[in-house]
Visitor: 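The following block contains the structure, expressed as structure tokens.
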Amino acid sequence: MTKTNLSEFREAVYQKVVWRPAAILDLVDALTIAEHVNSPVVLSESPLFRRKFSSVYDALVHGELGVELKTLFSDNQAADWETIAGYEIHAIDATPNERMLAETLADRGALKAQQKEPVRYGHKHSWLVRLVQRGTSWVAPEDIERIGTQTTDSKVAAQQVKDLAGRNPRPKVITADSRYRDQHFLGVFADLENTYALVRLQNNQKLSQAPTPKPKGSRGAPRKHGADFQLSAIERDPDGSIEFYLGKQKVRVRVWHKLHFKRLAKVVGSVVCIEFLKEDGTPRYKRPLWLFWTGPEEVALQDLCRMYLWRFAIEHLFRFLKQRLGLNSHRSSNLASLQRWMWIVALAYWQLLLMRETVQPNRPAWHPHQKDGQDKPLTPSQVQRSAQVFLLQAGTPAANPRPAGKGRGRQKGYRPAPRKRFEVVFKTKRTQTQPKIC
């Protein structure tokens, strides 16, 4: 957990890439300084990519990024990265990659859409990140997995959390939105030590209170559930309440302990209600923010509030990766190549993260430079402006390209077979509209 030098990190990445390491590291460097990527092949024009454009395809198709990268990401987390109440704060979420017309892409499914929006098709990837610095959008990617049509977001996330707990024994909190409030995701925390969940709930969620014991001498199994606990109609007084300020915003937090889901009685936790208040003490929004906390009851309520609000940094990550690093720009039908590109994007972001305190600031003149008398931390896009000079001065551990001569090309008369077409996979059959009976 010592502070990682970027050169040491790049050398470790170079050693862990099993196949085509030099081409992949050049591709990572070129992506690090790119401000807009509409296709991976355009990176071949970067001054940091020392090979021909065909090496981009070669690296994405034949390169091998081992699973040891996950361990590398865990080992290179600095000791001065911020925590709350002694816990590392992590966030997990899924982001879509829309591929409406990619008929040759296998395992396409329907993506989440609003009620009045048209259905979209493509892939989803689950990202697990460590939150680095409060008040900024900096995070550290730790794991990336594609969510297949035969599984769900919460099942993939549960496996990622189990893997993280095996690599990282330090106390940590996993924050997630309401799609992860099921037994598949929350169930893994029953068997994990030093790993707790802070998950958002729906406003009409129903839980159960602790059961009352049976009278002595009664038969049957002990009771698992007590009285219902409906968030929209709470009849029980809170076990704790506090009002405080987050900046200039007044916040009220209440908590109820010893609650569980009926499908997951073994995970007992607390329900937290967060309300943002106006100056007169009335709620600023129509509905409060409801959370389920599986950790110790002694954690301060203001800390739980800050933990979850910090989670939104992962949304800024997705926006930056899509707008600046071309997260969804690779349009191949090769599933392994698509996954490889995701890891390359994560490596490029890690380089920006590690060089953020070392590069020479090059902010635009119209960007604010200071806040409360102190220099503002650089954003990822501001670090990108200085990354090229920094990487050129630092050098690269990758081997220099060697002339390979002119390729032989395809054999005369070769005719590639047409690519296989795949249907869109729907998890549930759509019900046909029944005629109305008057």
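Just so it is clear, the values below take in all heavy atoms, side chains as well, and ignore hydrogens, waters and symmetry mates. Because the structure is predicted, anything quoted here is derived from the model rather than measured.
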Visitor: Go through the steps for Arg363 and Leu378 under the test side-chain contact (heavy atoms from CB on, under 4.5 Å), then give the verdict.
Guide: CA-CA 8 Å; Arg363 295 183 177 93; Leu378 294 176; 3.5 Å; yes

Visitor: Can you confirm whether Arg263 is buried at CZ, in the sense that more than 12 heavy atoms of other residues, nucleotides or ligands lie under 6.0 Å from that atom?
Guide: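 Open: at most 12 neighbouring heavy atoms sit under 6.0 Å from CZ of Arg263.
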
Visitor: Heavy atoms, side chains only, cut-off 4.5 Å: are Pro283 and Pro288 in contact?
Guide: no

Visitor: For the residue pair Leu72 and Ala12, what are the closest heavy atoms and their distance?
Guide: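 So the minimum-distance heavy-atom pair works out to CD1-CB, 3.6 Å.
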
Visitor: Can you tell me if Arg419 has over 12 outside heavy atoms packed within less than 6.0 Å of its CZ?
Guide: no

Visitor: Just verifying a value: how many Å separate His90 NE2 and Leu198 CG, rounded to the nearest 0.5 Å?
Guide: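 So the gap between those two atoms works out to 13.0 Å.
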
Visitor: I'd like to know if Asp75 and Arg167 make a salt bridge, using a cut-off of under 4.0 Å between side-chain N and carboxylate O.
Guide: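 Judged by the 4.0 Å cut-off on N to carboxylate O distance, Asp75 and Arg167 do not form a salt bridge.
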
Visitor: What distance do Glu88 atom CD and Glu82 atom CD have between them, rounded to the nearest 0.5 Å?
Guide: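 If I round to the nearest 0.5 Å, the distance is 12.5 Å.
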
Visitor: Counting N and O atoms only, with roles assigned by atom type, does the side chain of Gln160 sit under 3.5 Å from a partner on the main chain of Ser126, one being a donor and the other an acceptor?
Guide: yes

Visitor: Sequence neighbours left out, what passes side-chain hydrogen bond (donor to acceptor under 3.5 Å, both in side chains) with Glu103? Give chain and number order.
Guide: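 Expected list: none.
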
Visitor: Step through the shown structure and confirm whether more than 12 heavy atoms of other residues, nucleotides or ligands are within 6.0 Å of CD on Glu45.
Guide: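 Result for CD/Glu45: open.
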
Visitor: Say whether, by atom type as modelled, one donor and one acceptor occur between the side chain of Gln370 and the main chain of Lys376 under 3.5 angstrom.
Guide: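 Pair absent, no side-chain N/O of Gln370 close to backbone of Lys376.
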
Visitor: State the NE2-CG distance between His123 and Asn97, to the nearest 0.5 angstrom.
Guide: 8.0 Å

Visitor: Supply the atom-to-atom distance Leu31 CG to Ile344 CD1, rounded to the nearest 0.5 angstrom.
Guide: 8.0 Å

Visitor: Please determine if Arg10 and Asp29 form a salt bridge, counting it only when a charged side-chain N lies under 4.0 Å from a carboxylate O.
Guide: yes

Visitor: Is any side-chain heavy atom of Arg51 closer than 4.5 Å to a side-chain heavy atom of Asp58?
Guide: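 In short, these two side chains do not touch, never coming nearer than 4.5 Å.
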
Visitor: Within this structure, what is the OG1-CG distance for the pair Thr175 and Leu291, rounded to the nearest 0.5 Å?
Guide: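 Interatomic distance, Thr175 OG1 to Leu291 CG, rounded to 0.5 Å: 10.0 Å.
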
Visitor: Considering only heavy atoms from C-beta outward, does the side chain of Arg200 approach that of Arg311 to under 4.5 Å?
Guide: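 Side chain of Arg200 against side chain of Arg311, heavy atoms only: no contact under 4.5 Å found.
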
Visitor: For side-chain hydrogen bond (donor to acceptor under 3.5 Å, both in side chains), just list the numbers for Gln77 and Glu142, CA-CA rounded to whole Å, side-chain angles, deciding distance to a tenth of an Å, and then say yes or no.
Guide: CA-CA 10 Å; Gln77 296 179 13; Glu142 296 177 297; 2.6 Å; yes

Visitor: Identify whether the distance between the nearest side-chain nitrogen and carboxylate oxygen of Arg146 and Asp107 falls below 4.0 Å.
Guide: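 So Arg146 pairs with Asp107 through a salt bridge.
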
Visitor: A side-chain contact here means heavy atoms from C-beta on lying under 4.5 Å apart; do Leu264 and Lys266 qualify?
Guide: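 Answer yes - side chains close enough.
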
Visitor: Can you tell me how the ring of Phe9 sits relative to the ring of Trp350, calling it parallel under 30°, perpendicular over 60° and tilted otherwise?
Guide: parallel

Visitor: Measure up the Trp290 and Trp256 rings against each other and bin them: parallel (under 30°), tilted (30 to 60°), perpendicular (over 60°).
Guide: tilted

Visitor: Does a side-chain heavy-atom distance below 4.5 Å link Phe261 with Gln205?
Guide: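 Yes, at least one pair of side-chain atoms sits under 4.5 Å.
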
Visitor: Is the side chain of Thr294 donor-acceptor paired with the backbone N or O of Ala197 at a distance under 3.5 Å, no angle test?
Guide: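 Here the side-chain-to-backbone pair exists.
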
Visitor: Test Arg356 against Val132 for side-chain contact (heavy atoms from CB on, under 4.5 Å), laying out the working first.
Guide: CA-CA 12 Å; Arg356 73 190 190 282; Val132 174; 3.8 Å; yes

Visitor: Could you check whether atom NZ of Lys258 has more than 12 heavy atoms from other residues, nucleotides or ligands sitting under 6.0 Å from it?
Guide: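 Not more than 12 within 6.0 Å, no.
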
Visitor: Please find the pair of heavy atoms, one from Pro141 and one from Trp127, that lie closest to each other, and give the distance.
Guide: CB-CZ3, 3.9 Å

Visitor: Backbone N or O of Asp93 within a donor-acceptor pair of the Arg179 side chain at under 3.5 Å?
Guide: no

Visitor: Donor-acceptor pair, distance only, cut-off 3.5 Å: does the side chain of Arg284 make one with the backbone of Glu275?
Guide: no

Visitor: Which atoms form the tightest heavy-atom contact between Ile33 and Ser46, and what is the distance?
Guide: CD1-OG, 3.6 Å

Visitor: Arg385 versus Pro364: any side-chain heavy-atom pair under 4.5 Å?
Guide: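 Yes, close enough: below the 4.5 Å cut-off.
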
Visitor: Go through the steps for Lys70 and Trp343 under the test side-chain contact (heavy atoms from CB on, under 4.5 Å), then give the verdict.
Guide: CA-CA 10 Å; Lys70 299 179 183 180; Trp343 283 105; 3.8 Å; yes

Visitor: What's the shortest heavy-atom distance between Pro96 and Asn328, and which atoms?
Guide: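 So the minimum-distance heavy-atom pair works out to O-ND2, 3.2 Å.
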
Visitor: Could you grab the distance from atom CD1 of Ile174 to atom OH of Tyr87, nearest 0.5 Å is fine?
Guide: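 One finds 12.5 Å between CD1 of Ile174 and OH of Tyr87.
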
Visitor: Please report the closest heavy-atom contact between Leu277 and Gln249, naming both atoms and the distance.
Guide: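 Smallest heavy-atom distance, with atoms named: O-NE2, 2.8 Å.
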
Visitor: Describe, in one word, how the ring planes of Tyr180 and Phe185 are oriented to each other, choosing from parallel (under 30°), tilted (30 to 60°) and perpendicular (over 60°).
Guide: tilted

Visitor: Look at atom CZ of Phe53 and say whether more than 12 heavy atoms of other residues, nucleotides or ligands are closer to it than 6.0 Å.
Guide: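 Result for CZ/Phe53: open.
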
Visitor: If only atom types and distance count, is the side chain of Gln339 paired as donor or acceptor with the main-chain N or O of Ile144 below 3.5 Å?
Guide: yes

Visitor: Return yes when atom CD of Glu117 has more than 12 non-hydrogen atoms of other residues, nucleotides or ligands closer than 6.0 Å, and no otherwise.
Guide: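 Atom CD in Glu117 is crowded, with more than 12 foreign heavy atoms closer than 6.0 Å.
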
Visitor: Under 3.5 Å, is there a donor-acceptor pair between the side chain of Thr151 and the main chain of Ile147?
Guide: no

Visitor: When you measure from the side chain of Ser337 to the backbone of Asn334, do you find a donor-acceptor pair of N or O atoms at a distance under 3.5 Å?
Guide: no

Visitor: Applying side-chain contact (heavy atoms from CB on, under 4.5 Å), run through Arg134 and Ile84 and close with a yes or a no.
Guide: CA-CA 10 Å; Arg134 279 183 289 175; Ile84 297 180; 4.1 Å; yes

Visitor: Quick check: closest heavy atoms across Phe276 and Val251, and the distance to 0.1 Å?
Guide: CD2-CG2, 3.8 Å

Visitor: Could you check whether Thr71 and Lys16, counting side-chain N and O atoms only, form a donor-acceptor pair closer than 3.5 Å?
Guide: no

Visitor: Are any non-hydrogen side-chain atoms of Val173 and Trp293 less than 4.5 angstrom apart?
Guide: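 A side-chain contact under 4.5 Å exists here.
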
Visitor: Output yes when a side-chain donor or acceptor of Ser232 lies under 3.5 Å from a complementary backbone atom of Asn204, and no otherwise.
Guide: no

Visitor: Given 3.5 Å as the limit, does a donor-acceptor pair link the side chain of Arg108 with the main chain of Ala102, or not?
Guide: yes

Visitor: Report yes if some heavy atom in the side chain of Val56 is under 4.5 Å from a heavy atom in the side chain of Phe49; otherwise report no.
Guide: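 Yes - at least one pair of side-chain heavy atoms lies under 4.5 Å apart.
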
Visitor: Go through Thr95 and His125 one step at a time and tell me if the side-chain hydrogen bond (donor to acceptor under 3.5 Å, both in side chains) criterion holds.
Guide: CA-CA 6 Å; Thr95 181; His125 287 81; over 6 Å; no

